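Note that these values count all heavy atoms, side chains included, but never hydrogens, waters or copies made by symmetry. What you see is a predicted model, and the numbers here were worked out from it, not measured in a lab. Count residues from 1 along the sequence.
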Amino acid sequence: MGLFSFKKKKPIIGLTLSGGGMRGIAHIAVLKALEEYDLKPQIISGTSAGSIVAAFYSIGTSPDEMMEIVKKTTFFSRSYLKLSKNGIFSSKFILKLLMDYFPEDDFKVLKIPVYVAATEMTHGIVDFFSEGELFGPLLASSSVPFVLPPVRMGEKVYVDGGVLDNLPIEPIIDKCDFLIGSHVNSISYDGLENMSLMKEFDRILHLAIAKSVYSKAQSCDIFLDPPKMTKFSLFNKKFLDVMFSEVYEYTCKELEEKGYSKL
């Protein structure tokens, strides 16, 4: 009878990505660092912008490729302004982005399992999507109240998953051995005078949901929470490169301090 050598099974790494509008771009910096430190996720959950980043990553788009897409894509532009009773902007720019880069409107095109969180308005609960049509759940998960219109799927109406669950660890916590949380909305206490209406909205929203995020952070093996993120806008990519660089450096430093080293 031959001798068999069994390799120790690598732990399944799960990653949860918070919402954060245009700050969701910071998750791309986190993914770049995680890959470099051999912490590539095998299962991902996300809400709002985090769910879109998760879906792009899951079809095989590298962090560098994602940044190229972000740089050449127009997001909250005036051409998408509609100022209706359901939202300031049309969500057509998100749909166009998905149609341009995804081969099919179906979860089955994803190479890594992804769970998308969206807030179901009628009963005030969070639903998680992981199969069937892909674009509807991603649009629903990203529909920031008053900014983008709610999304109807079947009999239900959905808005941004972050309203009730901005760190949706629930669908993957029992499916992985090691859980990483990435949160991109830490509150900056600088520059509170002369706040714009959008800045005020951003701050109120994230003050309201911060408690639930930080209580769930304790369930993560690594919780990444780069500081003063609300200094970056929810709605424009003006300081895109600065944010990416700061979050990448922050993530590398956190991983080094936890004993991980670059490949």
So if you build clusters from Ile, Leu, Val, Met, Phe, Trp, Tyr with side-chain heavy-atom gaps below 4.5 Å, do [X] and [Y] land together?
| X | Y | result |
| --- | --- | --- |
| Ile59 | Ile25 | yes |
| Met243 | Leu34 | yes |
| Leu164 | Val144 | no |
| Val147 | Val159 | no |
| Leu17 | Leu167 | no |

[Y] side chain reached by [X] side chain, heavy atoms, under 4.5 Å:
| X | Y | value |
| --- | --- | --- |
| Ile112 | Ile44 | yes |
| Tyr158 | Thr119 | no |
| Thr230 | Arg23 | yes |
| Pro168 | Phe128 | yes |

*asked:* Run the salt bridge (Lys or Arg N to Asp or Glu O under 4.0 Å) test against Lys262 and tell me which residues pass, sequence neighbours left out.
replied: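 Applying salt bridge (Lys or Arg N to Asp or Glu O under 4.0 Å) to Lys262 gives Glu36.
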*With sequence neighbours excluded, tell me which residues meet salt bridge (Lys or Arg N to Asp or Glu O under 4.0 Å) with Lys156.*
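Here the qualifying residues are Asp127.
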To the closest 0.5 Å, what do you measure between [atom1] ([X]) and [atom2] ([Y])?
| X | Y | atom1 | atom2 | answer |
| --- | --- | --- | --- | --- |
| Tyr115 | Thr47 | OH | OG1 | 15.5 Å |
| Ser143 | Leu148 | OG | CG | 5.5 Å |
| Ile12 | Leu179 | CD1 | CG | 12.5 Å |
| Ser245 | Phe239 | OG | CZ | 14.0 Å |
| Ile169 | Gln218 | CD1 | CD | 10.0 Å |
| Asp106 | Leu134 | CG | CG | 7.5 Å |

*asked:* Would you say the ring centers of Tyr57 and His27 fall short of 6.0 Å from each other?
replied: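 Ring centres of His27 and Tyr57 not closer than 6.0 Å.
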*Evaluate whether atom CE of Met153 has more than 12 neighbouring non-hydrogen atoms of other residues, nucleotides or ligands under 6.0 angstrom away.*
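Yes.
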*Step through the shown structure and confirm whether more than 12 heavy atoms of other residues, nucleotides or ligands are within 6.0 Å of NZ on Lys108.*
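Open: at most 12 neighbouring heavy atoms sit under 6.0 Å from NZ of Lys108.
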With a 3.5 Å distance limit and no angle check, can you tell me whether [X] reaches the backbone of [Y] through a side-chain donor-acceptor pair?
| X | Y | value |
| --- | --- | --- |
| Tyr250 | Asp225 | yes |
| Gln42 | Ile13 | yes |
| Ser215 | Ser212 | yes |
| Ser91 | Ile94 | no |
| Arg152 | Val157 | no |
| Ser51 | Ser141 | no |
| Ser48 | Gly19 | no |
| Asp221 | Ile180 | no |
| Ser186 | Lys228 | yes |
| Asp105 | Glu133 | no |

*asked:* So, using ring pair (Phe, Tyr, Trp, His ring centres under 6.0 Å) as the criterion, who are the partners of Phe232 when residues are at least two apart?
replied: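 Phe232: no ring pair (Phe, Tyr, Trp, His ring centres under 6.0 Å) contacts found.
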*asked:* According to ring pair (Phe, Tyr, Trp, His ring centres under 6.0 Å), who are the partners of Phe56, at least two apart in sequence or on a separate chain?
replied: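 Phe56 satisfies ring pair (Phe, Tyr, Trp, His ring centres under 6.0 Å) with Tyr101, Phe102 once adjacent residues are dropped.
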*Asp165/Lys216 ion pair, N-O < 4.0 Å*: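 Judged by the 4.0 Å cut-off on N to carboxylate O distance, Asp165 and Lys216 do form a salt bridge.
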*salt_bridge(Asp100, Lys72) N-O dist < 4.0 Å*: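 The answer is no: the pair does not qualify as a salt bridge.
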*asked:* Test: salt bridge (Lys or Arg N to Asp or Glu O under 4.0 Å). Region: residues 240-249. Which pairs qualify, not counting sequence neighbours?
replied: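 Found Lys71-Asp241, Lys231-Glu246.
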*Pairs in or reaching into residues 42-64: which pass salt bridge (Lys or Arg N to Asp or Glu O under 4.0 Å), with residues at least two apart or in two chains?*
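For residues 42-64: Lys32-Asp64.
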*Walk me through it: do Tyr37 and Glu256 pass the test side chain to side chain donor-acceptor pair (under 3.5 Å)?*
CA-CA 9 Å; Tyr37 285 81; Glu256 295 274 350; 2.6 Å; yes
Closest approach of [X] and [Y], non-hydrogen atoms and distance?
| X | Y | result |
| --- | --- | --- |
| Val114 | Ser58 | CG2-CB, 3.6 Å |
| Ile173 | Ser219 | CD1-CB, 3.8 Å |
| Ile28 | Pro63 | CG2-O, 3.3 Å |
| Pro41 | Leu31 | CG-CD2, 4.1 Å |
| Leu138 | Ala55 | CD1-CB, 4.0 Å |
| Ile52 | Ser142 | CD1-OG, 3.3 Å |

*Evaluate side-chain contact (heavy atoms from CB on, under 4.5 Å) for Asn185 paired with Met229, printing each intermediate quantity in order.*
CA-CA 5 Å; Asn185 304 291; Met229 286 298 286; 5.6 Å; no
*asked:* Under the criterion side chain to side chain donor-acceptor pair (under 3.5 Å), I'd like the reasoning laid out for Thr16 against Ser45: C-alpha separation, chi angles, the key distance, then a yes or no.
replied: CA-CA 5 Å; Thr16 296; Ser45 61; 2.8 Å; yes
*Evaluate the side chain to side chain donor-acceptor pair (under 3.5 Å) criterion for residues Ser18 and Asn166: first the C-alpha distance (whole Å), next the side-chain angles of each, then the deciding distance (0.1 Å), finally the verdict.*
CA-CA 5 Å; Ser18 75; Asn166 209 25; 4.7 Å; no
*I would like to know whether Leu255 and Ile222 meet side-chain contact (heavy atoms from CB on, under 4.5 Å); could you show each step before the answer?*
CA-CA 9 Å; Leu255 297 177; Ile222 296 176; 3.8 Å; yes
